[in-house]
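Just so we're on the same page: letters track the sequence lines, and every chain starts at 1.
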Amino acid sequence: MDLEKELIQLQKDISEKFASIKSTEEINSFKVEILGKKGRLTRILKSLSTLSKDQRKNIGQKANEIRDMVNQKIEIKQQEIAQKLIAQEIVKDTIDVTLPGKKPLIGSKHVLNIIIDDLVDFFRSMGFSINEGTEIEDDKHNFEMLNIPKGHPARDMQDTFFLTNGLENDLLLRSQTSPSQAHDLENHDFSNGPIRMISYGRVFRRDDDDATHSHQFYQMEGFVVDRHITMSDLFGTLNLTLKHVFGDDREVRFRPSYFPFTEPSVEADVSCFFCNGKGCSICKNTGWIEVLGAGLTHPNVFKAAGVDPKQYQGFAFGMGIDRFAILKYGISDIRDLYTNDVRFLKQFEGEN
Amino acid sequence: MLISLDWVKEYLDLPVNAKELAVKTTMTSQEVDEIIEPAKGLKKIVIGKTIEVSPMPGSDHLKICQVDVGEKNLSQIICGAPNISQNQNVIIALPGARIKNNVKIKRSKMRGYESNGMICSLEEIGFSSSVVPKEFANGIYIFPHDLKVKIGDPVFSYLGMNDHILDLDLTPNRGDLQSIRGASYEFGAFYHLKPHFQKFNLKTNSDDFANKFKVSVTDSHLVPVYQLRNISNVKIASSPQWLKNRLWNVGIRPINNIVDITNYVMYLYGQPLHAFDVNTIQSNHILVRKAKDKEIIETLDGVNRELKDQDLVVTDGKNPIAIAGIMGDLYHEITENTTNVLLESAIFNSQHVRETAKRLNLRSESSIRFERGINSDTVSEAIDYAAYLIQKIAGGTVSQDVLFGSKVELPKYHIMTNAKAIGQKIGLTISTEQLTNVLNDLAISYKSQGDSILVNFPHRRPDLMIEEDLDEEVARIIGYDKLPMTLPKAQINPALLTPLQALVKKSRQIMIGCGFSEIMNYTLVPKNEIEDLTSKVNDTIILPNPMTKDHEVVRRNLRRGMLDVLHYNQMRSSKFQHLFEIGHTYTGNIKKTQPFEHTKLAVALSGKYPNTWLGKGKNVNFYDLSGILTSFMKQIGIKKSFNIIPQNSEEFFHPGQSGKIMIDNNQIGVIGKINPNLEHRLDLLPTYIFEIELNKLLEYSHKKFIKITVPKLNPVERDISFFVSKKYHNQDLILAMQNLNLPHLSQIELFDIYSPDEKVNSYAYTLTFLNNEKTLTDEEINAELASLTSMLQEKFSAKIR
Ligand SMILES: [Zn+2]
């Protein structure tokens with residue numbers, strides 16, 4: 001047979017066959033048929049030696065071209081088939097990605113700790129260290145050293161849970177966080193620098209629990225003692241603090257008050273965030289909401305701890321954490337803070 | 001504290017209206033809670049005169065009244081008040097009137113009779129029943145006959161109802177503001193004004209009162225001033241209208257002219273007065289002394305009061321006739337038959353009055369003034385003014401004799417200061433002139449000595465004693481809003497957390513990260529909660545005077561309160577709960593030692609994981625929670641591993657599903673399922689709790705930073721499984737394997753456990769071997785495995801599978 005004709009026929013056959021190939025198996029058998037040991041092209045290549053030099057060169061070149069073409073086509077076909085298979089797999093494995101995922105447990109911080117942690121970060125950034133104090137205190141630190149001697153009317157303002165009766169220095173559940181001032185003054189070594197301290201935690205008063213009263217609540221106390229502390233320093237510190245807590249757009253005002261352990265004493269209001277100062281039921285139509293009490297440390301407090309009030313001045317301020325939480329989050333009943341209803345707790349997810 | 005501005009205006013020309021004054025007062029002095037305007041919202045309420053009153057036929061109480069209301073014709077008004085009769089000046093709400101609570105009065109018909117309005121009681125036009133005179137308590141108000149009125153005029157000015165009354169939220173240091181005079185000084189200071197008080201000329205008669213009557217005081221340091229005056233031949237009657245108006249506008253009920261005058265003078269001067277009926281005092285002797293223990297007095301409210309030896313009493317030489325400064329007794333008070341009055345003006349020790357009033361629960365207008373300190377300069381003036389008013393209003397003659405039981409001059413406080421020193425403390429530079437202006441405004445006397453100023457604090461202001469008190473006066477009169485805002489300029493030291501603070505903070509973050517919600521329970525809990533845990537403790541802190549049974553003891557753990565929270569939420573359809581609390585608990589025998597503060601973490605897992613489309617949720621179990629515990633300990637960075645030792649003596653937990661959490665030989669907590677008894681009683685879903693003491697964890701949690709190398713070679717894993725008696729726990733086996741200290745055994749992980757019969761368990765572990773230096777050979781691993789298996793066989797009689 002004429003090899004040249006055979007090649008042409010082969011080329012034709014390859015094109016036809018290739019079009020019908022659909023699977024990897026068909027590729028393989030096609031490959032064997034053409035390029036296998038007994039394949040048609042292999043046979044042609046083997047027969048080349050019987051030809052003249054010119055023919056050999058001519059037909060050989062053509063045969064090689066065909067071989068290259070076949071290899072190339074096979075490769076393309078193989079990729080096509082692989083793609084098809086993957087495409088099928090993808091269709092098969094397609095899922096509804098909108099179905100809910102596996103539910104992890106979600107935790108939340110208690111709202112009082114949300115407020116506390118935020119304030120702790122704020123005050124630590126200004127160099128205030130933390131002295132939490134302890135919930136069980138003695139009369140000396142809770143009252144006596146804070147210029148509230150026995151018989152002082154201020155003892156009535158903070159009707160107290162006593163744990164002992166008639167001892168020289170009775171134990172009690174602290175009625176305020178201020179005893180930490182007394183402890184700090186007793187223990188502080190001023191050669192290490194001034195006092196800049198916050199103290200926070202539970203305090204207790206003999207109040208019947210209702211929507212606005214709780215026998216247990218949280219206070220945070222700030223205390224700064226140094227030489228040359230002024231009332232302006234107190235105002236500046238409180239202004240920053242209250243704007244941090246209640247927002248930069250709040251106005252802050254100060255007015256006189258009375259606490260036995262400060263003189264002068266101050267109460268701070270922020271402009272009402274419900275009515276923006278216009279007057280509403282929350283602010284009792286004043287446009288202002290009372291948020292904390294403060295003042296310059298009374299000289300008797302210094303004297304009680306053996307610190308010279310001529311050398312040192314200080315200021316202190318006390319914040320009601322429960323009240324901050326109530327105001328910030330619009331909580332209508334203080335008991336919600338201690339009832340631990342999970343529907344209440346859940347609302348603070350993500351407020352960490 | 002109610003301050004009537006009409007009253008203040010008798011002494012001070014207030015240049016502003018009530019609203020402006022209230023804002024100024026809040027910003028400069030005391031918080032104003034409210035401005036009370038008695039006539040606000042009322043209209044068409046006039047004075048009328050009953051011309052004819054006749055009973056309504058067919059009614060046992062209604063009357064048909066023809067009333068002159070200042071119009072051409074009489075008005076017919078139906079009235080049911082028992083005290084109505086002809087020829088009375090009364091309060092008429094005309095048709096169209098608005099009375100209390102914005103109620104509108106309309107023309108109406110009652111049983112066919114027309115009624116053109118309403119004849120009103122004081123309460124119907126807004127008076128509180130606590131100030132309505134007793135004689136008008138169940139009827140309409142009738143104006144005194146001698147009061148000149150114009151029929152048809154609005155009633156408001158006649159009843160003092162056009163007044164504006166400031167309700168001050170008084171701080172306990174400002175006793176001076178419990179008086180109209182004190183308030184006048186205070187308001188005057190805001191506007192650079194001086195109050196001008198009434199001058200009066202007391203006419204007295206010489207008689208033998210001083211000879212007839214004796215007074216003595218045993219403890220003049222507790223009663224520094226005690227004085228008496230006698231007014232005889234008085235006529236007890238109802239007070240004139242102006243006096244009633246003054247009193248009820250400041251919240252005091254008018255009673256009779258003598259009592260009303262003492263109350264009026266008390267409110268004006270801040271000086272409580274007491275009036276006795278002299279004729280009831282048989283002894284002609286007043287002795288002020290400390291009470292005898294268990295002495296009894298029947299106070300004028302009809303209650304027998306038992307006294308203590310710290311109480312001060314006024315006696316007739318023998319028996320108490322008044323608790324000093326608080327309340328008189330029933331038998332010596334002014335009655336309608338009194339003709340001879342003994343007036344008392346005194347200063348009683350504030351602490352004694354306070355403690356007695358508090359103990360007897362007898363806070364009175366009088367006692368709060370003694371408690372907060374009164375003006376020793378006007379003790380005499382007040383009694384003189386009262387005598388003057390009595391003579392004017394109730395007639396009678398005032399004896400010229402003033403009897404003194406004590407008359408101690410009270411100390412005056414003065415300080416030496418200067419403008420610069422004050423300015424430095426408040427943070428604002430002030431001039432000497434500014435300082436003296438403030439002193440002038442406050443009517444405080446001073447002497448300039450160059451730049452220094454000697455300030456004499458008046459007795460009128462007992463709250464002023466030291467320099468700092470003046471700092472406050474200067475700052476508030478200048479205005480707190482005038483002070484600059486600065487920050488303390490000071491050395492700042494690092495503000496580090498203590499290890500415990502850091503541990504608490506980290507614990508909270510970890511538990512939130514593990515998906516638990518933080519709760520906060522009360523520190524004070526019911527007694528029976530403690531009994532639920534164990535009845536055998538004696539270091540629980542119990543309140544001697546609890547307020548309620550719910551808050552009687554200081555909690556000694558967090559887990560019992562946790563159960564109540566779980567129960568509460570379960571009752572509200574929460575079937576799966578994951579909660580934690582971090583808080584303090586206390587123990588200790590407080591009579592002997594300081595209590596110990598524990599910082600604890602309690603974690604609870606309760607109920608059933610929710611069903612999802614991925615599968616049905618199962619009940620929570622022990623291993624869910626112990627897994628959380630493991631995760632917590634790993635994240636906290638405990639340098640030693642912890643163990644759970646089975647068995648627990650606490651009644652709180654399931655005996656077969658609980659254990660102590662141990663590090664070394666130190667118990668740091670407990671873990672377990674709630675005891676079925678408790679679970680049933682509280683109707684709880686399966687609940688598991690662990691509670692650990694963070695302060696005990698502290699010593700294990702300082703993780704030293706060590707050199708950390710990442711292994712270069714891959715580990716080799718081998719599985720081992722064996723049967724072993726059930727008396728051994730997984731932990732025993734693991735500990736024994738670890739204790740072999742095999743050089744390359746780096747990890748032991750349980751992967752299967754089953755029980756072929758009652759006595760035996762089969763355990764299967766994956767053992768991980770690692771050598772960082774070179775690849776381990778089979779021989780090396782086999783050798784270590786062999787020593788491990790032989791240990792298990794010898795020590796636990798394990799049958800290797
Ligand atoms: Zn508002």
Enquirer: Looking at A:N239 and B:M485, would you say the former's side chain and the latter's main chain have a donor-acceptor pair under 3.5 Å?
Expert: no

Enquirer: Is B:P488 close to A:R196 at the side-chain level, that is, under 4.5 Å between some pair of heavy atoms?
Expert: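 Yes, their side chains come closer than 4.5 Å.
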
Enquirer: For B:L614, which atoms come within 4.5 Å of any heavy atom of chain A: side chain, backbone, both, or neither?
Expert: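 Side chain of B:L614 only, per the 4.5 Å heavy-atom cut-off to chain A.
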
Enquirer: Decide yes or no for B:F576 and A:L105: does some side-chain heavy atom of the first lie under 4.5 Å from some side-chain heavy atom of the second?
Expert: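 They are in side-chain contact.
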
Enquirer: Return the minimal non-hydrogen interatomic distance between B:M547 and A:R206, and the atom names on each side.
Expert: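 The answer is SD-CA, 3.4 Å.
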
Enquirer: At a heavy-atom separation under 4.5 Å, does B:Y522 approach chain A through its side chain, its backbone, both, or neither?
Expert: both

Enquirer: Is the side chain of A:N340 donor-acceptor paired with the backbone N or O of B:I519 at a distance under 3.5 Å, no angle test?
Expert: no

Enquirer: A:M126 versus chain B, heavy atoms under 4.5 Å apart: side chain, backbone, both or neither?
Expert: backbone

Enquirer: At a heavy-atom separation under 4.5 Å, does B:L500 approach chain A through its side chain, its backbone, both, or neither?
Expert: neither

Enquirer: Any non-hydrogen side-chain atom of B:M520 less than 4.5 Å from a side-chain atom of A:N113?
Expert: yes

Enquirer: As an exercise: rank B:R476, B:K425, B:E371, B:Q424 by heavy-atom pairs under 4.5 Å with chain A and give me the winner.
Expert: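 Option with the greatest count: B:K425.
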
Enquirer: Quick one: what part of A:F315 sits under 4.5 Å from any heavy atom of chain B, side chain, backbone, both or neither?
Expert: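 For A:F315, the contact with chain B is made by the side chain alone.
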
Enquirer: Output yes when a side-chain donor or acceptor of B:Q351 lies under 3.5 Å from a complementary backbone atom of A:K150, and no otherwise.
Expert: yes

Enquirer: Determine yes or no for a side-chain-to-main-chain donor-acceptor pair under 3.5 angstrom, with A:E135 supplying the side chain and B:H584 the backbone.
Expert: no

Enquirer: Check each atom of A:D170 against the heavy atoms of chain B and say whether the ones under 4.5 Å are side chain, backbone, both or neither.
Expert: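 Neither; nothing under 4.5 Å.
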
Enquirer: Keeping B:E518 on the side-chain end and A:H110 on the backbone end, is there a donor-acceptor pair under 3.5 Å?
Expert: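 Flag set: sc B:E518 to bb A:H110 pair under 3.5 Å.
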
Enquirer: I need the residue from A:R227, A:K346, A:H228, A:R343 with the largest number of non-hydrogen atom pairs under 4.5 Å to chain B.
Expert: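 Heavy-atom pairs under 4.5 Å are most numerous for A:R343.
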
Enquirer: Identify which of B:G427, B:S517, B:P546 forms the greatest number of heavy-atom pairs closer than 4.5 Å to chain A.
Expert: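 Of B:G427, B:S517, B:P546, B:S517 has the most heavy-atom pairs under 4.5 Å with chain A.
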
Enquirer: Does any heavy atom of chain B fall under 4.5 Å from the side chain of A:R124, the backbone, both, or neither of them?
Expert: both

Enquirer: Can you tell which part of B:D469 gets under 4.5 Å to a heavy atom of chain A, answering side chain, backbone, both or neither?
Expert: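 When you check distances to chain A, atoms from both the backbone and side chain of B:D469 fall under 4.5 Å.
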
Enquirer: Please classify the contact of A:F162 with chain B as side chain, backbone, both or neither, using a heavy-atom distance under 4.5 Å.
Expert: backbone

Enquirer: Heavy-atom distance under 4.5 Å to chain A: side chain of B:Q577, backbone, both or neither?
Expert: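 Interface part for B:Q577: side chain.
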
Enquirer: Could you tell me which of A:L337, A:V266, A:D269 has the largest number of non-hydrogen atom pairs under 4.5 Å with chain B?
Expert: A:V266

Enquirer: Name the member of A:T134, A:I229, A:L167 that forms the most heavy-atom pairs with chain B at distances under 4.5 Å.
Expert: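 It is A:T134.
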
Enquirer: Find the one option among A:E132, A:K284, A:K103 whose heavy-atom pairs under 4.5 Å with chain B are most numerous.
Expert: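 Among A:E132, A:K284, A:K103, the one with the most close pairs to chain B is A:E132.
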
Enquirer: Between B:E355, B:E581, B:K358, which has the largest tally of heavy atom pairs under 4.5 Å with chain A?
Expert: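 Top option by heavy-atom pairs under 4.5 Å: B:K358.
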
Enquirer: Below 4.5 Å from any heavy atom of chain A, which atoms of B:E473 appear? Answer side chain, backbone, both or neither.
Expert: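 No part of B:E473 comes within 4.5 Å of chain A.
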
Enquirer: Please look at A:F254 and chain B and tell me whether the side chain, the backbone, both or neither of the residue comes under 4.5 angstrom of a heavy atom of that chain.
Expert: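 For A:F254, heavy atoms of backbone and side chain both lie under 4.5 Å from chain B.
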
Enquirer: Among B:I582, B:D564, B:T28, B:I466, who wins on heavy-atom pairs under 4.5 Å with chain A?
Expert: B:T28

Enquirer: For the residue pair A:L173 and B:L524, establish whether any side-chain heavy-atom pair is separated by less than 4.5 Å.
Expert: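 A:L173 vs B:L524: side chains touch.
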
Enquirer: With a 4.5 angstrom heavy-atom cut-off, is it the side chain or the backbone of A:F217 that approaches chain B, or both, or neither?
Expert: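 Contact with chain B involves no heavy atom of A:F217 at all.
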
Enquirer: Using non-hydrogen atoms and a 4.5 Å limit, figure out which bit of A:N285 sits close to chain B: side chain, backbone, both or neither.
Expert: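 It is neither, since no heavy atom gets under 4.5 Å.
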
Enquirer: Is it the backbone or the side chain of A:L296 that comes under 4.5 Å from a heavy atom of chain B, or both, or neither?
Expert: side chain

Enquirer: Answer yes or no: is there a donor N or O on one side and an acceptor on the other, between the side chain of A:R255 and the main chain of B:T26, under 3.5 Å?
Expert: no

Enquirer: Hey, is the main chain of A:I130 close enough, under 3.5 Å, to the side chain of B:Q501 for a donor-acceptor pair?
Expert: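 Answer holds: yes.
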
Enquirer: Counting only heavy atoms closer than 4.5 Å, note whether A:P100 contacts chain B via side chain, backbone, both or neither.
Expert: both

Enquirer: Please answer whether the main-chain N or O of A:P194 pairs with a side-chain N or O of B:Q491 as donor and acceptor at a distance below 3.5 Å.
Expert: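 Absent.
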
Enquirer: So which part of B:H551 gets closer than 4.5 Å to some heavy atom of chain A, the side chain, the backbone, both or neither?
Expert: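 For B:H551, side-chain heavy atoms alone lie under 4.5 Å from chain A.
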
Enquirer: Against chain B, work out which of A:P264, A:G193, A:S214, A:P299 has the most heavy-atom pairs shorter than 4.5 Å and name it.
Expert: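 Looking at each option in turn, the highest pair count goes to A:P264.
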
Enquirer: Return the option, out of B:I492, B:I590, B:T523, with the maximum number of heavy-atom pairs under 4.5 Å with chain A.
Expert: B:T523

Enquirer: Under a 4.5 Å heavy-atom cut-off, does chain A meet the side chain of B:S350, its backbone, both or neither?
Expert: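 Neither part; nothing is under 4.5 Å.
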
Enquirer: Considering only heavy atoms, which portion of B:S29 lies under 4.5 Å from any heavy atom of chain A: side chain, backbone, both, or neither?
Expert: backbone

Enquirer: Of the options B:L566, B:L579, B:V565, which is the one that meets A:V342 in a side chain to side chain contact (heavy atoms under 4.5 Å, CB included)?
Expert: B:L579

Enquirer: Please look at A:D138 and chain B and tell me whether the side chain, the backbone, both or neither of the residue comes under 4.5 angstrom of a heavy atom of that chain.
Expert: neither

Enquirer: Are side-chain heavy atoms of B:L543 and A:L163 found at a separation under 4.5 Å?
Expert: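 SC-SC contact between B:L543 and A:L163 confirmed.
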
Enquirer: Quick one: are A:D341 and B:Y568 in side-chain contact, heavy atoms under 4.5 Å?
Expert: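 When only atoms from C-beta onward are counted, B:Y568 and A:D341 do touch, with a gap below 4.5 Å.
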
Enquirer: Do B:N545 and A:N165 touch side chain to side chain, with heavy atoms closer than 4.5 Å?
Expert: yes

Enquirer: Examine distances only and state if a side-chain atom of B:T486 and a backbone atom of A:D233 form a donor-acceptor pair shorter than 3.5 Å.
Expert: yes

Enquirer: Let me know if B:P494 has heavy atoms under 4.5 Å from chain A in its side chain, its backbone, both or neither.
Expert: neither

Enquirer: Check whether any side-chain N or O of A:S232 sits under 3.5 Å from a backbone N or O of B:P484 as a donor-acceptor pair, and report yes or no.
Expert: yes

Enquirer: Any side-chain heavy atom of A:L171 sitting closer than 4.5 Å to one from B:I541?
Expert: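 No, side chains not in contact.
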
Enquirer: Specify which of B:P544, B:P610, B:G583 makes the most heavy-atom pairs with chain A at under 4.5 Å.
Expert: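 Of B:P544, B:P610, B:G583, B:P544 has the most heavy-atom pairs under 4.5 Å with chain A.
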
